[in-house]
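Everything numeric here is computed off the predicted structure, so don't read it as measured data.
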Amino acid sequence: SVALRRFAGGEPLRAYAVELGSLCRASTRLFEALLPREVRLSVLTDTLGPVVVVDPAVLREAIGQLVRNGGEAMTGRAGVVTVHVGRVNGADAASSWRWPEDWAAVDHEYACIAVQDEGHGIAVADLARLFEPFFSTKAIGRGLGLSMVGAALAAVGGAVWAETDV
């Protein structure tokens with residue numbers, strides 16, 4: 001994809017101010033196409049979401065990867081993958097299972113895109129390796145999707161973290 005080529009250095013990044021709610025709403029059909037038939041997509045945003053400076057193609061690819069993983073986590077069951085766009089205070093940001101591991105939030109407001117699925121969860125023991133290249137819990141997984149997500153967000157000063165109910 002264009003986003004992957006840009007991210008990998010094959011094409012220059014085209015970063016500019018992007019309103020995250022609009023980006024996600026405009027990408028709804030793309031995200032729905034990444035999901036199994038029995039899984040619905042819900043996109044929840046404020047009327048005007050946070051604005052960040054980012055290459056929208058790279059961010060759309062990263063969100064799409066999270067949506068795809070969420071759908072795959074439901075293993076043949078009906079359910080919903082929810083993309084929520086909003087803001088989070090740095091003091092409330094998760095402190096564990098984060099990539100990059102040395103990212104430290106300060107006490108101010110951050111843009112936040114949360115992708116939640118209704119899957120079975122991931123084993124706590126696997127969380128620490130979740131964003132490593134070539135690590136996968138799937139039988140046919142290549143382990144590149146989440147590592148790309150982590151690296152793409154780190155490149156713009158962001159971070160990604162995972163939570164599980166297991």
Side-chain angles (χ1 to χ4, degrees), residues 1-8 10-11 13-14 18-50 52 54-88 94 97-99 111-156 158-166:
S1 75
V2 170
L4 193 54
R5 286 192 309 271
R6 285 183 191 162
F7 175 71
E11 291 185 22
L13 292 175
R14 297 183 182 139
V18 175
E19 192 270 309
L20 294 180
S22 294
L23 175 83
C24 288
R25 285 189 300 274
S27 303
T28 298
R29 287 193 179 184
L30 170 72
F31 297 156
E32 287 172 336
L34 300 172
L35 294 171
R37 252 184 294 230
E38 63 274 6
V39 177
R40 286 186 314 108
L41 177 73
S42 174
V43 177
L44 306 173
T45 68
D46 295 335
T47 303
L48 182 62
V52 297
V54 66
D55 185 320
V58 173
L59 184 59
R60 190 178 297 110
E61 182 83 20
I63 298 166
Q65 187 62 52
L66 294 172
V67 167
R68 177 183 291 120
N69 278 21
E72 290 173 353
M74 289 192 254
T75 57
R77 296 183 300 180
V80 179
V81 171
T82 303
V83 176
H84 183 267
V85 178
R87 295 169 176 84
V88 64
W97 320 123
R98 180 173 57 215
W99 184 261
C112 179
I113 300 172
V115 179
Q116 181 178 3
D117 64 66
E118 297 173 346
H120 55 78
I122 187 166
V124 173
D126 291 333
L127 282 172
R129 299 189 61 208
L130 200 57
F131 301 104
E132 289 179 12
F134 308 112
F135 175 77
S136 179
T137 61
K138 299 179 224 167
I140 58 169
R142 291 183 176 84
L144 296 174
L146 291 179
S147 63
M148 189 280 292
V149 170
L153 294 175
V156 294
V160 59
W161 60 86
E163 298 174 348
T164 188
D165 290 333
V166 174

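Smallest separation of non-hydrogen atoms from A162 and L127: CB-CD2, 3.7 Å. Across C24 and V83, no two heavy atoms sit closer than the pair SG-CG1, 4.1 Å. Shortest non-hydrogen contact noted between G64 and L34 is O-CD1, 3.4 Å. Residue E38 comes nearest to R77 through the heavy atom pair CG-O, 3.3 Å, listed as atom of the first residue, atom of the second, then distance. In terms of heavy atoms, G21 sits closest to V85 at N-CG1, 3.8 Å. Between A57 and D55, the closest heavy-atom pair is N-OD1, 3.0 Å.
When side chains are defined from C-beta on, L23 counts as touching I63, because their heavy atoms get closer than 4.5 Å. In this structure, the side chains of L66 and L146 come closer than 4.5 Å at one or more pairs of heavy atoms.
For S22, the side-chain hydrogen bond (donor to acceptor under 3.5 Å, both in side chains) test picks out E19, R25, with sequence neighbours left out.
How far CG of D165 is from CD of Q116: 8.0 Å, rounded to the nearest 0.5 Å. Residue R60 holds its CZ atom at 7.0 Å from CG of L30, rounded to the nearest 0.5 Å. The CG atom of L59 sits 6.0 Å away from the CG atom of L20 when rounded to the nearest 0.5 Å. Here the CZ atom belonging to F135 is positioned 11.5 Å from the OG atom belonging to S147, to the nearest 0.5 angstrom. A distance of 11.0 Å separates OG1 of T137 from CZ of R129, quoted to the nearest 0.5 Å. Once rounded to the nearest 0.5 Å, the distance linking CG of L144 with CD of E132 reads 12.5 Å.
A donor-acceptor pair under 3.5 Å links the side-chain atoms of T164 to the main chain of I122, judged by distance alone.
Checking each of M74, E118, E72 against V81 for a side chain to side chain contact (heavy atoms under 4.5 Å, CB included) leaves exactly one that passes, namely M74.
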Determine, step by step, whether D46 and R87 satisfy the side chain to side chain contact (heavy atoms under 4.5 Å, CB included) criterion, reporting the C-alpha distance in whole Å, the side-chain angles of both residues, the deciding distance to 0.1 Å, and the verdict.
CA-CA 10 Å; D46 295 335; R87 295 169 176 84; 3.5 Å; yes
